[in-house]
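Start at 1 with the first residue, then count along the sequence. Because only heavy atoms are used, hydrogens play no part in the values below, and waters and symmetry mates are left out as well, while side chains stay in.
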Amino acid sequence: MIDQRTVEAARAGDRQALDELVVRSLPLVYNIVGRALNGHGDTDDVVQETMIRVIGNLGGLRDPARYRPWLVAIAVRQVRDRVHRRRHNGEELAVEPAGPDFAELTILRLQLEGERREVAESVRWLDDADRQVFSLWCLELAGELTRPELASALGLTRQHVAVRVQRMKSRLETARGIVRALEGGCRELAEITGSWDGHPDSLWRKRLARHVRSCPTCGTQRATLPAERLLAGLALVPLPVGFALGTLVKAPAAAAPAGLMAQATAMLAKPMAAVTLAGGVAVAGGSAYVFEELANPPPPPAALPLGPTLPAPESAEPRAALTPPAPSPRRISLYGSVVDTVDRAPDPRRRPGPLPRRRETGMTLSTGDKADLKHRGENVTFRGRGYLLVRWQVMNGGQVVMPTWTALTGKLFHVASGGGRRLDDRQPGTSRTWMGLRTGTARLPPGAQQMWQNEYYHLSGSVTLNQNESSETDYNIFTKPVTHTEIVADIGTPPDGAGIIRYGLVRDTGGDSTPVPQYLTRTRNPAQVPQQSRVR
């Protein structure tokens, strides 16, 4: 909590109190901005701008008891200014974040399940103004803000706030119905979303909501608890691991850019005065708070990860706290990582890391319970949310024409590899590999990742897998839905049994940085898929 004595001491120039005030204010500001912008790449900038203004104007705060609503009002104003500025410049704000959006971060870091998770996912469907109200309403339900403080932050009367909150809740319930419907098995809805790129927006919200209201299947899936009961007492989303260390760094005042120190020194003669310097430096109370991007942001992955960064305990064990993903460099990009190179095989006896648990709510196949794709032109369409297996069998040598994933809606991740061997491993007792069970050794196209016997994926949406073999190389693909438990059992089998050559490999990072499959596209025609990774 932010207590009045700390605010008073910080206003009087106490450097330790200022440090404490900044540290205690950051989580509140981060949650307001993060929810309002849904983790957009501007989030860090807006948090930075908010804190610079808070530090710079603290001396003008007349009533220290009003610090919290004053802080929230500044954050809300900075969010609105950023949204207005981007719209004025013709830029799109509601685009796919570089890493997990704030809804996904909320789910991962607070370990949300069931209807709580549904509410978090539904926020993606709210407009900017509703997300701003939602961000403050969540803090009210969590006990971080009172209704008068919320009204003060928005600059509205309590009666007007009640109306705004009620309208937002109504749209949130509509969004919850859409989320439930997308996770169901309605075939009509699957046809409607065939051309959808997976990004929530107001147009698709209206289209899907209209279907949900009229559909006897989707319309009967009702929430059992109101959102306010699900969100009551919910903790703040923790700051990213590198956020306080990279985005806000306390440094000696001498670290300010040359040529501006004289100006800063003059400003420091007044209690709690501050000046924003070039390079994002705010000097206050004799210290310089340097707001910056990470000095050495993690580069885009050059190869698929050999293990996960997030623990995933089995369902029978208590869930451990997930390590928050490190912040990504500020950029707008497609979800996931795509790697058009042959990845390195791990040591055969290297145990795989833990496999992060993603949501499993059921999956349907266009072919029934499973599919066995043996001939060119055969395909299977998956719908729902959960894990699926692709099991390989390469029959003879020659050039392989790889299968393709088409008509993607939502997201598809390549989460693990198993089966006890890569197909380029030698068959026991022979000089031949598994890349050709009858004659010769099959060749992969340039840039293709080497397949394992079993490849595992996680789907949230729908996608079609196409068998594209040529007359030169015959291969079979067996596929079916599987569970997280089944994958863990497969990849964790030690290389001691008959035919088991190596442990499996975990590729899932636990977030949107997890690799997507090669040859994946949102287009519908398999013949239009280039032999490289491309998600459109």
Side-chain angles (χ1 to χ4, degrees), residues 182-191 193-194 217 315 355 357-395 400-423 434-435 437-438 442 449 451-469 473-493 499-500 504-508 516-521 524 526 529:
L182 289 172
E183 293 177 351
C186 177
R187 294 186 178 274
E188 182 180 348
L189 184 62
E191 291 296 323
T193 57
T217 300
S315 57
L355 179 67
R357 184 184 294 276
R358 293 179 181 267
R359 195 174 184 189
E360 302 170 71
T361 56
M363 189 178 301
T364 60
L365 277 66
S366 58
T367 55
D369 297 334
K370 57 187 179 182
D372 198 356
L373 309 181
K374 296 182 178 180
H375 307 289
R376 180 180 179 85
E378 294 180 344
N379 62 67
V380 56
T381 298
F382 304 87
R383 294 186 178 90
R385 175 169 293 187
Y387 294 98
L388 60 100
L389 159 71
V390 170
R391 184 173 177 86
W392 279 86
Q393 186 180 51
V394 180
M395 305 306 297
V400 177
V401 180
M402 299 294 285
T404 50
W405 303 86
T406 59
L408 171 67
T409 65
K411 296 181 180 181
L412 178 68
F413 294 112
H414 189 182
V415 298
S417 300
R421 53 186 171 270
R422 285 185 14 148
L423 296 194
W434 300 91
M435 288 295 290
L437 299 179
R438 293 174 181 162
Q449 297 164 15
M451 303 87 70
W452 293 54
Q453 183 79 66
N454 293 338
E455 298 287 4
Y456 295 102
Y457 304 88
H458 184 274
L459 172 67
S460 177
S462 65
V463 72
T464 299
L465 176 62
N466 305 276
Q467 220 276 28
N468 297 326
E469 69 179 17
T473 301
D474 177 20
Y475 65 82
N476 301 332
I477 291 178
F478 173 79
T479 182
K480 67 174 183 177
V482 291
T483 65
H484 179 275
T485 301
E486 289 175 306
I487 300 174
V488 170
D490 176 11
I491 64 178
T493 301
I500 304 299
L505 172 67
V506 169
R507 303 178 184 272
D508 197 349
V516 300
Q518 287 191 302
Y519 318 114
L520 173 66
T521 179
R524 306 182 68 86
V529 180

Determine yes or no for a side-chain-to-main-chain donor-acceptor pair under 3.5 angstrom, with [X] supplying the side chain and [Y] the backbone.
{"X": "Arg376", "Y": "Asn468", "answer": "yes"}
{"X": "Thr409", "Y": "Ser462", "answer": "yes"}
{"X": "His484", "Y": "Tyr387", "answer": "no"}
{"X": "Tyr475", "Y": "Gln467", "answer": "no"}
{"X": "Tyr456", "Y": "Val506", "answer": "no"}
{"X": "Arg391", "Y": "Asn454", "answer": "no"}
{"X": "Thr493", "Y": "Ala489", "answer": "yes"}
{"X": "Asp508", "Y": "Leu355", "answer": "no"}

Closest non-hydrogen atom pair, [X] against [Y]:
{"X": "Ile491", "Y": "Gly418", "result": "CG2-CA, 4.1 Å"}
{"X": "Lys374", "Y": "Asp474", "result": "O-OD1, 4.1 Å"}
{"X": "Ala442", "Y": "Val394", "result": "CB-CG1, 3.7 Å"}
{"X": "Asp372", "Y": "Glu378", "result": "O-OE1, 3.7 Å"}
{"X": "Glu455", "Y": "Trp452", "result": "OE2-N, 2.8 Å"}
{"X": "Leu388", "Y": "Met363", "result": "CD2-SD, 4.0 Å"}

Q.
By the definition side chain to side chain contact (heavy atoms under 4.5 Å, CB included), identify the one residue from Leu465, Asn379, Val390, Asn466 that meets it with Pro403.
A. Leu465

State the [atom1]-[atom2] distance between [X] and [Y], to the nearest 0.5 angstrom.
{"X": "Lys370", "Y": "Leu365", "atom1": "NZ", "atom2": "CG", "value": "11.5 Å"}
{"X": "Gln518", "Y": "Gln449", "atom1": "CD", "atom2": "CD", "value": "4.0 Å"}
{"X": "Ser366", "Y": "Arg383", "atom1": "OG", "atom2": "CZ", "value": "7.0 Å"}
{"X": "Gln393", "Y": "Trp434", "atom1": "CD", "atom2": "CH2", "value": "10.0 Å"}
{"X": "Leu389", "Y": "Gln453", "atom1": "CG", "atom2": "CD", "value": "9.5 Å"}

(Q) side-chain contact (heavy atoms from CB on, under 4.5 Å) for Met395 and Asn476? Distances and angles first, verdict last. (A) CA-CA 8 Å; Met395 305 306 297; Asn476 301 332; 3.9 Å; yes

Q) Please walk me through it: do Met435 and Met451 pass side-chain contact (heavy atoms from CB on, under 4.5 Å)? A) CA-CA 9 Å; Met435 288 295 290; Met451 303 87 70; 3.9 Å; yes

Q.
Checking Thr464 against Thr381: is there a side-chain donor and acceptor pair closer than 3.5 Å?
A. yes

Q) Side chains of Arg507 and Ser417: is there a donor and an acceptor less than 3.5 Å apart? A)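 Ser417 and Arg507 do have a side-chain donor-acceptor pair below 3.5 Å.
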
Q: Specify whether Phe382 and Trp405 have parallel, tilted or perpendicular ring planes, treating 30° as the upper limit for parallel and 60° as the lower limit for perpendicular.
A: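 The arrangement is tilted - the two ring planes meet at 30° to 60°.
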
Q) Between Thr404 and Thr521, does a side-chain contact (heavy atoms from CB on, under 4.5 Å) hold up when you go through it step by step? A) CA-CA 8 Å; Thr404 50; Thr521 179; over 6 Å; no

(Q) Quick one, Val401 with Thr473, criterion side-chain contact (heavy atoms from CB on, under 4.5 Å). Give me CA distance, side-chain angles, the key distance, then yes/no. (A) CA-CA 8 Å; Val401 180; Thr473 301; over 6 Å; no

**Q.** Partner of Ser460 by side-chain hydrogen bond (donor to acceptor under 3.5 Å, both in side chains), out of Arg359, Arg385, Lys411
**A.**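 It is Arg385; the other options fail the test.
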
